[in-house]
Amino acid sequence: MSESGPDAPQGANDASGTGGRRRSERPPVRALDPATALRLTDGQPPRPALYLSDRLLLSNEGGRPRGLDDLRDALGKLELDYEVTPRQDGGPRDIDQPTWGTSITIRPTRSPIEPVDAWNVLQRLREAGEPIAQRLSLEHVLRPADGYWGGVGGYWGGVGGYWGGVGGYWGGVGGYWGGVGSAVQEYAVPGRGGRMPVALALPDPRLRARSLDRAPVIVVPDTAIAGHPWFKDDSGIVRLVLKEGKLIPLLTGAGASSEPTQPPLSVPAPSEPVGLLQGHATFIAGLLRQGCPEATIVSIPVMGDDGVVDEGYILDVLQALLDRHVHGQAHDPSEVVDVLNLSMGYYAEDRTYTSGPIADLLDRFAEHGVLVVAGVGNDGTDAPFVPAALAAEPPSRITAKAVPPVAGVGASNPDGVTVALFSNNLPYVSAVRSGVSVVSTLPLTNGMGQPSSQVRSGDTVRCTVDPDDYTGGFGVWSGTSFSTPIFAAELAAALVEAGDLTDVSSSAMRKRAIKALRACIGRGRS
């Protein structure tokens, strides 16, 4: 297992959307190496995965925590103890409340200088047949299903640590299609799908949106949606932030009476790029706006421009979102969620992800009628990328118990026919949509790059394209992160076309969701 060094970035910059405050440092991130890691209980090697070195996730049983004494006893046999990991949003973690579970931090009781390896601990507990081990899992590190191909044989961006520690290539987790790893990386080159500025002669699609009794709501847990002419406060954008376990409107100033506000539209001075994922959610929001201008887009910042989020934190956010949705179904339809866009995921080390905390929580979203759409990932592999690996066919019949499954979305090339070489080949892919060289909104930023040639004549500047000048507000990007919102918007548009969205009971929402999923999966690539 390779581990990120002390100089590696440890937290997401401004993930809360509150003006640059850094989260507390996460523990080192380790890469699970199938060649050297403890094997599974059946003797097979695990798949490569990224996880937090001294944390485990404990799933609740029946919605409430049980067996905490059993956990302490089981760890004690390994000369270990634990403490509940504090919330990243600054609030205390109340494990007596019904939630998805909790994150625990493992501590050695014998030697304070001996590092803890969560994978080794988990496998020792499984080997010993400890019942509590069935409710434990690694706390993974999630990254967007984005247009950055650092995971393909190279450096894993914002978490330090080389995937060279796991063989140096993703062949160890299923392999490229036909061994074409270098060809996959072509998509990161501007002109071949890589991020680059463009001009777009298109007014805000919101201007042509129809008036509805209730608009569909699409939630985007991701980076923050930046200020942009398309995304003013009165234009269908809602910004929430996790605070002490609850989602609250993002406010300015110190007083509770402050009004929600959009980020400033002013263009900052040229600077080095903040992070490889800068503008990720802004790009997603623009695709949602183009596909379903009537939709309300809810932004929940969970990661910064480094594009990294701990699994425990995203679970906290999803739990708070589910609580808000359920409350809205009973009391306030404005809090109800129709589509959850997850352009992120992690590679699973074994099959336990099918019943892990993310699977359990997304099952509960489905029970309450929420469509969950996830990107399949960009590494040209058949390794399980969670949550897209949870995708399944929609039920053939709509019964009282039928629920909409997770939809996993792959990316097609601009021809709309061929599948992008980078798009992961999961066992079941619900839909393939445009994911290469798509055009959308980006933050109004200008990097340190310069045009290759320029000539001044009086007050006029004639020059070539500045490769990192996004002050026009639009750009090109590629990745299943972006085919995902295209499909999510398609689902939202199908809900609009189906008619009345005012009935927000779970049964009505499940029925609508399954019908929309069937209709959109049956359509061709777009």
Side-chain angles (χ1 to χ4, degrees), residues 1-13 15 22-34 37 46-57 85 87-88 100 103-106 115-119 121-122 136-146 148-152 154-166 170 173 221-223 275-277 280 301-318 342-350 352-353 356-358 374-375 377-379 381 383-389 424 481:
M1 283 157 284
S2 62
E3 187 170 303
S4 58
D7 296 328
Q10 295 290 311
N13 294 324
R22 290 183 65 89
R23 287 187 189 153
S24 58
E25 291 188 352
R26 63 165 55 90
V29 176
R30 286 188 175 176
L32 191 61
D33 185 347
R47 292 177 179 268
L50 289 178
Y51 64 100
L52 301 181
S53 63
D54 64 354
R55 292 186 191 172
L56 290 171
L57 299 181
T85 309
R87 286 189 185 276
Q88 291 187 15
W100 64 268
S103 169
I104 63 169
T105 301
I106 309 167
V116 172
D117 182 352
W119 173 250
V121 172
L122 181 58
L136 291 171
S137 59
L138 294 178
E139 181 162 353
H140 299 90
V141 172
L142 281 73
R143 282 187 56 83
D146 51 37
Y148 174 58
W149 285 267
V152 190
Y155 189 69
W156 191 278
V159 298
Y162 290 84
W163 270 106
V166 238
W170 272 104
V173 290
D222 207 276
T223 60
L276 291 165
L277 272 297
H280 191 258
V302 298
M303 65 181 75
D305 293 338
D306 62 354
V308 181
V309 59
D310 302 343
E311 186 179 1
Y313 185 69
I314 192 65
L315 285 166
D316 285 343
V317 168
L318 292 179
L342 295 174
S343 293
M344 65 176 72
Y346 70 86
Y347 286 101
E349 69 282 356
D350 56 28
T352 58
Y353 72 88
I358 283 184
N378 303 325
D379 297 305
T381 177
F385 189 69
V386 182
N424 283 353
S481 267

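All values derive from a computational prediction rather than experimental measurement.
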For this session: Measure the spacing between CZ of R55 and CD1 of I106 and express it to the nearest 0.5 Å.
Result: 11.0 Å

For this session: Could you tell me which residues satisfy side chain to side chain donor-acceptor pair (under 3.5 Å) with D350, sequence neighbours excluded, listed by chain and number?
Result: R126, T352

Exercise. Say you draw a straight line from CG of D54 to OG1 of T85; how long is it, rounded to the nearest 0.5 Å?
Worked result: 7.5 Å

Problem set entry | Shortest non-hydrogen contact between A49 and H140, atoms and distance | CB-CD2, 4.3 Å

Seminar exercise, completed: One should read off an interatomic distance between L342 CG and I358 CD1, to the nearest 0.5 angstrom, of 8.5 Å

For this session: Work out which heavy atom in M344 is nearest to a heavy atom in P221; give both atom names and the distance.
Result: CE-O, 3.0 Å

Problem set entry | Nearest non-hydrogen partners of L315 and L57, listed with the distance | CD1-CD1, 3.8 Å

Exercise. What distance do E139 atom CD and L56 atom CG have between them, rounded to the nearest 0.5 Å?
Worked result: 8.5 Å

Problem set entry | S103 (side chain) donor-acceptor with G312 (main chain) under 3.5 angstrom | no

Exercise. Which residue, L142, V309, V141, forms the side chain to side chain contact (heavy atoms under 4.5 Å, CB included) with Y346?
Worked result: L142

Exercise. Does any donor atom in the side chain of D310 or Q88 lie under 3.5 Å from an acceptor atom in the other side chain?
Worked result: yes

For this session: Tell me, with the steps shown, if M303 and T223 meet side chain to side chain contact (heavy atoms under 4.5 Å, CB included).
Result: CA-CA 5 Å; M303 65 181 75; T223 60; 3.6 Å; yes

Exercise. What's the shortest heavy-atom distance between P387 and G345, and which atoms?
Worked result: CD-CA, 4.1 Å

Exercise. If you measure only the distance, is there a donor-acceptor pair under 3.5 Å linking the side chains of S481 and H280?
Worked result: yes

Problem set entry | Heavy-atom pair of closest approach, residues L138 and E311 | O-OE1, 3.2 Å

Problem set entry | Partner residues of Y353 under the ring pair (Phe, Tyr, Trp, His ring centres under 6.0 Å) criterion, sequence neighbours left out | none

For this session: For W119 and E349, work out which heavy atoms get closest and say how close.
Result: CZ3-CG, 3.6 Å

For this session: Could you walk me through whether D379 and Y347 pass the side chain to side chain contact (heavy atoms under 4.5 Å, CB included) test, one step at a time?
Result: CA-CA 11 Å; D379 297 305; Y347 286 101; 2.5 Å; yes

